[in-house]
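Computed from a predicted structure; not experimentally measured. The basis for the numbers below is simple: all heavy atoms, side chains too, and nothing from hydrogens, waters or symmetry mates. Note on naming: letters A, B, ... go to the chains in the order of the sequence lines (proteins, then strands), and numbering restarts at 1 for each one.
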Amino acid sequence: MSRYQASEIEAKWQKAWDEAGVFTATRSADKPKYYVLEMFPYPSGRIHMGHVRNYTMGDVIARYKLSTGHNVLHPMGWDAFGMPAENAAMATGGHPKTWTYNNIAEMRGQMKPLGLSIDWSREFATCDPEYYGQQQALFLDMLDAGLVYRKNAVVNWDPVDMTVLANEQVENGRGWRSGALVERRELTQWFFKISEYSEELLSALDTLDNWPAKVKTMQANWIGKSRGLQFAFSTVDAPEEFDRIEVYTTRPDTLMGASFLGISPDHPLAKALEKDNPEIAAFCEDCRRMGTSEEELEKAEKKGFNTGLRVRHPFDTAWELPIYIANFILMDYGTGAIFGCPAHDQRDFEFATKYGLTINPVFVPATVDADGADEYFHSEESAYVPQKSEAVRFVRGYAGDEVQTGEAAIDAAIAFCEGQGVGQGVTKFRLRDWGLSRQRYWGCPIPVVHCDSCGVVPEKKENLPVLLPDDVSFDVPGNPLDRHATWRDCSCPTCGAAAKRETDTMDTFVDSSWYFARFTAPRATTPTDAADAEYWMNVDQYIGGIEHAILHLLYSRFFARAMQITGHLPEKSKEPFNALFTQGMVTHAIYKAEDPSNGRPVYFYPEQVDLRDGKAFCKETGHELEIVPSAKMSKSKNNVVDPLAIIASYGADTARWFMLSDSPPERDVEWTASGAEATFKHLSRVWRLAAEAAEDTSGANDQDEALLREMHKAIHDVTAGIDSFGFNASIAKLYGFTNTLAKSKAGGEAKRQAARTLAQLMSPMTPHLAEEIWALLGGEGLIAHAAWPVAEAAMLVEDTVTLPIQINGKRRGELSVPKDLAKEEVEKLVLAHEAVVKALDGAAPKKLIVVPGRIVNVVV
RNA sequence: GCCCAAGUGGCGGAAUGGUAGACGCAGGGGAUUCAAAAUCCCCCGCUGGUAACAGCGUGCGAGUUCGAGUCUCGCCUUGGGCACCA
């Protein structure tokens with residue numbers, strides 16, 4: 001008997017699938033469709049284990065759905081625009097296009113040996129003119145529909161390199177290449193009106209039954225619907241056009257605790273004041289010398305500048321509050337101005353403490369009486385910030401009951417203020433419009449033209465695509481499109497006069513916001529094809545990383561709506577992803593030592609390490625190394641496992657099986673050499689068992705039924721596992737069933753039947769091995785075409801059950817009873833049980849709980 | 001800083017509020033072998049005990065329940081996101 005030869009088997013069956021066109025997606029009315037999609041990769045040039053895991057999961061679903069009678073669409077493409085290609089061009093002098101297409105070819109070549117059931121005829125890259133040209137058409141339709149507009153927005157500006165930086169290119173407030181202090185600079189940029197859909201994107205989350213709850217929660221928080229009061233403070237001594245300052249607050253009930261007014265450094269008043277006041281100008285400039293990310297803003301030291309101006313409290317015109325310019329107030333949210341209530345907001349508390357402002361408590365815990373309020377506050381070193389749902393005692397309230405919840409107090413305060421003519425209750429959202437302009441080359445050109453007489457003019461559709469020019473260089477920083485005269489200079493589509501092209505390109509999130517729709521008709525000469533979109537949409541199962549929980553998925557949901565409005569998607573595709581699954585990362589141990597000369601860590605590759613008794617030793621020196629388990633794979637830590645090396649030594653089936661076996665799909669999985677080795681041994685064993693069964697000439701016997709019963713249980717459990725994304729659970733059952741088969745004394749025919757079924761159940765995970773066994777044991781045609789096995793209900797029923805007996809919640813014995821035995825009969829048997837008699841010692845039980853078929857608990 | 005998760009043996013993990021540790025790895029013992037590889041069988045949470053068995057045990061601290069890994073509240077640690085990384 002020969003051995004399990006993965007490389008031979010895998011090449012053979014991949015060829016057979018190709019020749020039979022098994023995975024070509026076809027539209028037909030006779031079968032239901034199923035669209036499974038994994039988030040498409042960025043073409044970095046190498047596939048990594050995370051890809052293997054992600055695509056294997058999708059492949060399990062795709063192959064399973066194929067064998068349950070569906071027309072399956074399982075495509076692959078490339079998220080191919082973006083900064084790394086430009087960075088590579090700057091570093092090595094090549095061209096982003098060459099770099100990208102080379103990487104794609106490289107990665108496609110690495111992906112194919114995995115044996116994924118992908119319809120490669122639909123492949124595209126977002127940097128293909130055929131794709132981004134249709135994206136430009138889509139943009140023009142959205143412009144026409146009023147979904148796109150221009151406004152000013154701030155960017156990270158590197159004053160030395162004279163270029164715009166991405167947030168990740170800003171390190172500690174400095175440009176990553178130049179090291180110059182980054183400035184915030186305003187540019188006119190293009191925006192999608194996603195914020196108009198805030199309410200819709202929020203409420204529709206409720207319809208996404210097959211999305212993880214955590215993703216929906218994150219999106220809901222991101223959209224950030226709030227109810228509050230918007231009102232104006234009248235100013236004292238302020239410039240004329242600023243006699244009132246609008247503020248928005250979600251806690252109007254704390255208005256009597258106000259101690260200052262804070263405005264953003266970008267607030268019109270701040271901008272007006274800095275013109276005549278060098279100190280204010282210096283402060284504002286300092287505030288702007290910071291990256292644009294919210295994280296940086298929040299973590300920065302809170303600073304303010306007293307403008308010397310004041311506002312009058314709306315309830316008491318004699319009460320004046322100082323106006324501060326504060327670095328932590330965003331112009332983008334609310335009105336760019338707030339009132340500070342230090343007693344009940346930790347950030348305001350720290351600000352007030354720093355600048356010696358008054359702290360007026362508005363409420364205290366309901367358990368503290370009114371007289372003890374001041375004493376309570378003086379003993380605290382922080383703001384008192386209870387849950388809004390908690391009832392508190394108001395000592396400086398002005399509306400509603402003395403003791404009420406924050407929620408009730410807010411409602412009462414809004415009603416009172418509206419009655420007094422002090423502002424009105426408004427609903428606001430945190431979600432901002434989506435700025436899509438990028439001052440970069442390697443992206444989809446925004447198809448508009450700037451004309452001196454006509455203004456901003458859309459390019460004509462017949463002139464699309466607006467192609468990226470190839471003759472560009474990256475030897476100087478900045479956007480090459482900006483300095484490419486012959487590309488930039490054009491004629492106005494409206495009046496024909498000399499005009500200039502828009503040199504900004506689109507955010508790469510635009511590319512990935514509609515690729516799922518394009519896959520339904522990747523060669524169409526319009527963005528989508530109505531019949532194909534109608535048939536294939538929606539994506540039935542979308543699979544990807546949790547890191548995309550907010551931005552990519554929210555933008556895609558917005559795009560699906562925009563595409564519906566512009567006639568590119570049907571009504572039913574408003575929510576394009578019926579089910580979402582977020583998979584975990586693949587991790588690997590880091591082997592590390594300290595360099596004695598400088599104390600820096602030194603990282604060792606797995607192949608440099610000997611593992612003995614759970615310890616790691618350097619092969620060369622024999623020194624023991626520190627093991628950091630479950631670390632994210634990273635080139636700099638030398639712990640990246642190359643899928644190609646695994647395929648070369650064990651085969652794709654081993655890589656696929658191991659990626660699914662050890663951890664639940666939503667959690668991280670740690671790649672271990674011993675686990676891969678064990679998987680390979682297991683697959684070899686299955687192969688051997690099948691080969692033995694093929695030659696087994698023994699006749700039917702009384703062991704056959706037991707084996708077939710286990711087979712039906714395996715069918716049931718493995719199928720349930722796949723249906724619920726419990727691939728690790730399915731694999732545990734497959735191990736169990738393999739052990740049963742190995743030990744079975746059943747006859748040859750029963751064993752062959754069991755082995756064929758085992759192959760079918762394994763086929764979504766290890767498709768090549770499954771085909772080989774199927775062929776060996778006389779299965780008809782390809783296993784990929786075979787119908788999924790169905791468990792017979794009669795074979796799953798057990799006659800007797802074992803009931804654990806607990807005494808006071810601790811297991812003290814067990815009882816074997818017929819499955820349907822009446823509760824009273826069970827109670828009798830329990831009370832007669834040795835351990836129970838002993839524990840009761842003649843007394844009657846306090847309580848006797850019988851959960852039929854599960855457990856018995858006796859309380860004594 | 002804010003939002004969202006996760007935490008169970010030496011390790012990865014299993015467990016509709018109902019026998020904690022399925023399945024796999026590592027480890028130990030044995031069979032087979034001239035020997036090895038491969039394969040097969042057995043043991044394997046911690047503490048005490050020859051054993052039967054007893055006590056403890058799901059990050060920490062409270063709570064609900066006949067019964068909590070699972071539900072509630074408060075912490076700790078790790079990971080993801082924070083709008084120009086993709």
Practice prompt. With RNA chain B as reference, determine whether A/Lys847 or A/Asn156 sits nearer its 5' end, using the nearest nucleotide of each.
Written response: A/Lys847
Discussion item. By nearest heavy atom, map A/Gln189 and A/Ile550 onto RNA chain B; which one lands nearer the 5' end?
Written reply: A/Ile550
Could you work out the separation of [N] and [M] based on their [atom1] atoms and round it to a whole Å?
N     : M     : atom1 : result
B/G57 : B/C4  : C1'   : 30 Å
B/A6  : B/C66 : P     : 28 Å
B/A62 : B/A68 : P     : 14 Å
B/A26 : B/A86 : P     : 41 Å
B/U64 : B/A15 : P     : 29 Å
B/U32 : B/A37 : P     : 15 Å
B/C43 : B/A38 : P     : 22 Å
B/U47 : B/G9  : C1'   : 14 Å

Discussion item. Show the nearest heavy-atom pair for residues A/Met506 and A/Pro445, with the distance to one decimal.
Written reply: CE-O, 4.0 Å
Discussion item. If I compare all heavy atoms of A/Met107 with all of A/Pro41, which pair ends up nearest, and what's the gap?
Written reply: CE-CB, 4.4 Å
Is the shortest heavy-atom distance from the side chain of [X] to the side chain of [Y] under 4.5 Å?
X        : Y        : result
A/Leu436 : A/Phe191 : no
A/Val856 : A/Gln806 : no
A/Leu208 : A/Val215 : no

Describe the nucleic acid contact of [X] in one word from base, sugar-phosphate, nothing, applying a heavy-atom distance below 4.0 Å.
X        : result
A/Trp434 : nothing
A/Lys743 : sugar-phosphate
A/Thr672 : nothing
A/Val170 : nothing
A/Glu677 : nothing
A/Lys214 : sugar-phosphate
A/Val858 : nothing
A/Arg430 : base
A/His682 : nothing
A/Phe509 : base

In this structure, how many angstroms lie between the [atom2] atom of [N] and the [atom1] atom of [X], rounded?
X        : N     : atom1 : atom2 : answer
A/Ile223 : B/C3  : CD1   : P     : 17 Å
A/Trp687 : B/A38 : CH2   : C1'   : 14 Å
A/Glu834 : B/A52 : CD    : P     : 16 Å
A/Leu431 : B/C82 : CG    : P     : 15 Å
A/Asp717 : B/A14 : CG    : P     : 15 Å
A/Tyr197 : B/A83 : OH    : C1'   : 20 Å
A/Asp345 : B/C2  : CG    : P     : 11 Å
A/Glu350 : B/C2  : CD    : C1'   : 14 Å

Worksheet item: Checking A/Arg430 against A/Trp222: charged group under 6.0 Å from the ring centre and within 45 degrees of the axis?
Response: yes
Side chain of [X]: nearest nucleotide among [options]?
X        : options             : answer
A/Met218 : B/U39, B/C4, B/A86  : B/C4
A/Ile546 : B/A86, B/C82, B/G80 : B/G80
A/Ala166 : B/C85, B/C40, B/A83 : B/C85
A/Lys810 : B/C56, B/C3, B/A83  : B/C56

Item to complete: Give RNA chain B the dot-bracket treatment, 5' to 3': Watson-Crick (N1-N3 with N6-O4 or O6-N4) or G-U (N1-O2, O6-N3) under 3.5 Å, [ ] crossing, | other strand.
Response: (((((((..(((.....[....))).(((((.......))))).((((....))))..(((((..]....))))))))))))....
Discussion item. For A/Tyr515 and A/Phe40, I'd like to know if the aromatic rings sit close, meaning centre-to-centre distance below 6.0 Å.
Written reply: yes
Discussion item. Quick check: A/Phe680 with A/Phe658 (ring centres under 6.0 Å apart)?
Written reply: no
Discussion item. For a ring-ring contact (aromatic ring centres under 6.0 Å, His included) check, start with the C-alpha distance between A/Phe192 and A/Phe559, then their side-chain angles and the critical distance, and finish with the verdict.
Written reply: CA-CA 10 Å; A/Phe192 288 124; A/Phe559 247 68; 5.5 Å; yes
Worksheet item: Does A/Thr508 make a side-chain N or O approach to OP1 or OP2 of B/A86 shorter than 4.0 Å?
Response: yes
Item to complete: Respond yes when some side-chain nitrogen or oxygen of A/Asn808 is under 4.0 Å from OP1 or OP2 of B/G67, and no when none is.
Response: no
Just by distance, with hydrogens left out, do [X] and [Y] show a side-chain donor and acceptor under 3.5 Å apart?
X        : Y        : value
A/Asn152 : A/Thr188 : yes
A/Arg557 : A/Gln219 : yes
A/Asp504 : A/Gln439 : yes

Worksheet item: Side chain of A/Glu295, base of B/C82: donor and acceptor closer than 3.5 Å?
Response: yes
Worksheet entry | salt bridge (charged side-chain N to carboxylate O under 4.0 Å, His left out) between A/Arg174 and A/Asp158, worked out | CA-CA 8 Å; A/Arg174 290 173 182 274; A/Asp158 185 321; over 6 Å; no
Worksheet entry | Spacing of A/Met218 atom CE and A/Leu551 atom CG [to the nearest 0.5 Å] | 11.5 Å
Worksheet item: Heavy-atom contacts under 4.0 Å between residues 663-671 of chain A and RNA chain B, which residues?
Response: A/Ser663, A/Pro664, A/Arg667, A/Asp668
Response to the item:
Protein heavy-atom contacts under 4.0 Å, written 5' to 3' over nucleotides 17-24 of chain B as B (base), S (sugar-phosphate only) or - (none), form the string -BB--BSS
Fill in: Syn/anti state for B/G9 [syn: chi within 90° of 0]
syn
Discussion item. What I want to find out is whether A/Arg288 reaches A/Asp266 closely enough, with some N-O distance under 4.0 Å, to be called a salt bridge.
Written reply: yes
